[in-house]
Amino acid sequence: MSREINGIGVSRGIAIGRAHRLSPSELDFRQYQIDRKDVLHEVARLNNAFSLVRAELDALRADVAPAAPQEVRAFLDLHRLILDDALLSDAPRDLVRTRLINAEWALSIQIEEVCKEFEAIDDEYFASRTQDVRQVADRVLKALAGGRAATASVTKPADGEKLILVAHDLAPADMLMLRDRSDVSLAGFVTELGGPTSHTAILARSLGLPAVLGAGGARDQVQEHELVIVDADAGKLIINPDASELAEYRRRAKSEVDARIELRKLKGKIARTKDGIAVELLANIEAPEDAREALDAGADGIGLYRTEFLFMNRDELPDEDEQFEAYARVARSMKGKPVVIRTLDIGADKVLNDAARESLGLAKGAPTAESNPALGLRAIRYCLAYPELFLTQLRAILRASSVGTVRILVPMLAHVHEIEQALAFVARAKEQLKERKQKFDGRALVGGMIEVPGAALNLPAFVQRLKFLSLGTNDLIQYTLAIDRADSSVAHLYDHLHPAVLQLVSRTIKTGEKARAPVSVCGEMAGELELTELLLGMGLRQFSMHPSQILAVKERVLDTSRRSAMQLAARVLKQSDPIESRKMLERAAARGRLA
Ligand code: PEP
Ligand code: MG
């Protein structure tokens, strides 16, 4: 009989395969007192185990394919940082010496200490990092036991069959090791731990693997090699499906693959509505490497390059040359297509390392000590507070404008004086480059993000001063509805169909149109298929989204006519209840499918 376990679907798609249960991450190890004469031996065991894991992570890092998503490298770097942190590597040695206990015991005491400190911080981000600490420590414990990586036990299933991992927890490094093994075809995975913001979840999305996390009790309920289905769309694991379920899921999995193949055919097509309105489909990227994925999806350019990722997870800030190299790499690879580079949006949930903050003269932990970091020193506010940081970045972006079509985008503007100060900094950066006789495109356009309701309600000031606008709907929703984007307890209230949000989006598009200032949407709304027709109807002509969404949005554009989209937008904008708006969108989509 088939059984089901519910969890959280953290990526999309369906995977059908044979289960492989990974051994639990908690190792059964002995705890015992040691003689003083054995201290050196225990410390040496710890040192060896750390060296082994270090070598393992370094080897994985060196093998990451150049085309792999940026997160892959970031996770391995984070695990390497945790491994080298004195709290994890030095403290257990001291415990061995002072308490005369064996290496495993000392390490496990220290893991609990570190995790307790993280858990005391009431913050989802830190709670997720506890999982990273345990994953790293788990590798060291395994090395101490002379064990192999958990995934080494995975054996090739019968010919042609795919493998679904069922684990208590799965470290990103293990996921990579498995993916790289040519003898194992990993189709998806299920873990008992983990939530939507854990690194395991983010990596699953980047690698395009169907995954269900937080499926409590999964390992106990699944037999080794049992047939299972991971339905990441619905967030469930189906164990031992009956014949009709299996047939239905096979049909769905096949139609997903067919749909992806069909979509690839649209790559070279211009995104035009049925009545001939051309639309630009642009990509959001976080690192220069991502430009390849954007080109591969046929993007018309980069609509948002989030540069802050170049500044995060490191102790020294990137200097002007390093920044120039990164920005110029994107500009060159896009071969003349527009590249919108956003100035540093640090603050809120995106923070610099302590050492990097100290180099700016900031006390350790200062920004996170703010009671409301999302409303605090963030984005343009941060840049205006640290003029050298801002000027250095502006010079680097301007220099990159000499090798491609580069535009500058300033985030989180709310006040006219912030726009004016930002423009004055751009002018100053140009002067400095002229003095240095360095090349840049003097006509590089400067635009602003509309992501604060105060900006969306004062648009004339923006269109008079800026050459283009980009709607950051992720933040616009957060600030309009007073919902912290990072707080899962209020996530159910975050609704892009809230009438206030739709009014602000529509007004911005209309005002930009009248003033001939191009407007794009670069928040998640741009890649939501349920919204394509509505946004087209509001007059949007530039959509910027994760590259993986581009072809699906293109398909929607090709299937829509301007007339019907405008009618739909007019009806939805009259609604005061998002439930009604959603029904209207569903009916319109169904009509489109029948047409
Ligand atoms: C937004 O706020 O919609 C946006 C695109 O910026 P970010 O998600 O980086 O804040
Ligand atoms: Mg934003």
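Each ligand, and each atom within it, is numbered from 1 in the order the structure gives. Residue indices begin at 1 and follow the sequence shown. What you see is a predicted model; the values in this text were computed from it and never measured.
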| query | Are Leu551 and Arg264 side-chain neighbours, meaning at least one heavy-atom pair lies under 4.5 Å? | reply | yes
| said: Would you say that Glu555 contacts Leu266 through its side chain, given a criterion of any heavy-atom pair below 4.5 Å between the two side chains? | reply: yes
| query | Which residues and atoms, protein N, O or S only, are under 2.8 Å from the Mg ion (ligand 2)? | reply | Glu451 OE1, Asp475 OD2
| task | Could you go through the side-chain contact (heavy atoms from CB on, under 4.5 Å) check for Arg314 and Phe311 one step at a time? | result | CA-CA 7 Å; Arg314 52 191 288 172; Phe311 292 69; 5.6 Å; no
| query | Is it true that the side chains of Ser564 and Ser561 contain a donor and an acceptor less than 3.5 Å apart? | reply | yes
| task | Please check if any side-chain donor atom of His498 sits under 3.5 Å from a side-chain acceptor atom of Gln503, or the reverse. | result | no
| message | Which residues pass the salt bridge (Lys or Arg N to Asp or Glu O under 4.0 Å) test with Arg465, not counting sequence neighbours? | response | Glu420
| request: Taking the six-membered ring for Trp and the single ring otherwise, decide whether the centroids of Phe390 and Tyr386 are under 6.0 Å apart. | output: no
| task | For Phe543, enumerate each residue passing the ring-ring contact (aromatic ring centres under 6.0 Å, His included) test, keeping only those at least two apart in sequence or located in another chain. | result | none
| said: Tell me whether the count of non-hydrogen atoms from other residues, nucleotides or ligands lying under 6.0 Å of CD in Gln575 goes above 12. | reply: yes
| said: For ligand 1, give me the residues whose heavy-atom distance to it is below 4.0 Å, by chain and number please. | reply: Leu304, Arg306, Arg342, Asp345, Lys350, Arg378, Met449, Glu451, Gly472, Thr473, Asn474, Asp475, Arg485, Cys522, Gly523
